[in-house]
Amino acid sequence: MSVVTVDVVPAYDVVVAPGALHEIGSVLRSFRRVAIVSQAEIADRYADAVRSDIDADVEVFLMGDGEEAKTFATLEDLCRRFAAWGLLRGDVVVALGGGVVGDTAGFAAAAYHRGIAVLQVPTTLLAMVDAAIGGKTAVNLPEGKNLVGAFHQPIGVLADTDTLASLPEQEYRSGLGEVAKYALLGDVVEDPSGLVELLRLHTTAVLARDPAVLGDLVTRCVRIKADVIALDPEERTGIRATLNLGHTLAHALETAGGYGLTHGEAVAIGLAFAGALAGGCERVGADVVDRYQAVPASLGLPTEVPGGEDLRADALLELMRRDKKASGGLTFVLPGPHGIERVDDPPEPALRYALTSVGIGE
Ligand code: GLY
């Protein structure tokens, strides 16, 4: 078992282990009432075990599947059912599931009684390495994803790597896109995270979800995220924004839609793009450009947009300008001589070169 402490106020632990789910009883021992928010399929699989481990009143509150369930309507429905059940300020919400559950249940906990405790119990790779850590919670609006939310740090995170065995292949691969991001974020000369090396030495085991490497894989990603969160918990200084490496193009591809890409696949293409753009801006040499392509590719992820020649660079540039993290112009997170940092409005020729390099038409 590994425990990574996220050093915010108050600090909390991320427990990564096979069977970590069963730590829930000891984590929640001081609570009187526990509201588990989950989805039908996940609850069928884990809710009974979780319930029997908790020595308190427990109720399971189901919500729908997919981003389309991450709405104000779901938030209202959850909060009303919490109230009908009698959930009070000193009680706790458990978010049992992937990013959709974590974001929605986390936001419900942030708002209910002006904020009650939430324990994140992620059951997808994406949520274990990213969404469940760092306290970002939100619901979607028709106008955009995650437009209304709050920072609400959990009291803890239980990442049970056994739950990854039953994850659909597409969802596991989607998580690998974020793993590739952490590998590149942690790829620093002075204090390397070892993720690039782990992925190089154990590619087959990672792809096969070998329990012998999963714990190490998730823990290394979590350490990187925890370090970033501790430096900039509420994304005020630009440090936390580096977690959006590869995401500017990824969000635009997801918004453009119709390419059948998962979030992680879109991030993988976004990483290759970020490397090419950094190279085109002469911020890094060819070795770094190659690594930004090779790391996602080694995980079987795409580094070119399938059918991208039908996409126009101008349309993608427009979508990227509308990215909610952009401040008027075009904003990217790129490697460079001072490490990974935010770069505003890179030169147009470098942008067009990088878009072409990931298969997007001129
Ligand atoms: N997923 C990016 C962040 O947590 O800041």
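Whatever order the structure lists them in is the order used to number ligands and atoms, beginning at 1.
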What protein heavy atom lies closest to atom 5 (O) of ligand 1? Include the residue and the distance to one decimal. Arg240 NE, 2.7 Å
I want to check something: taking the side chain as every heavy atom from C-beta on, are Gln39 and Val101 in contact at a cut-off of under 4.5 Å? yes
Less than 4.0 Å between a side-chain N and a carboxylate O, is that true for Arg223 and Asp227? no
Polar proximity ligand 1 side, Lys181 side, N/O cut 3.5 Å exclusive: no
So, Asp232 and Arg236, do they make that salt bridge, N to O below 4.0 Å? no
Is the Phe273 to Tyr292 ring centre distance short of 6.0 Å? no
So for Lys225, does at least one of its heavy atoms come nearer than 4.0 angstrom to any atom of ligand 1? yes
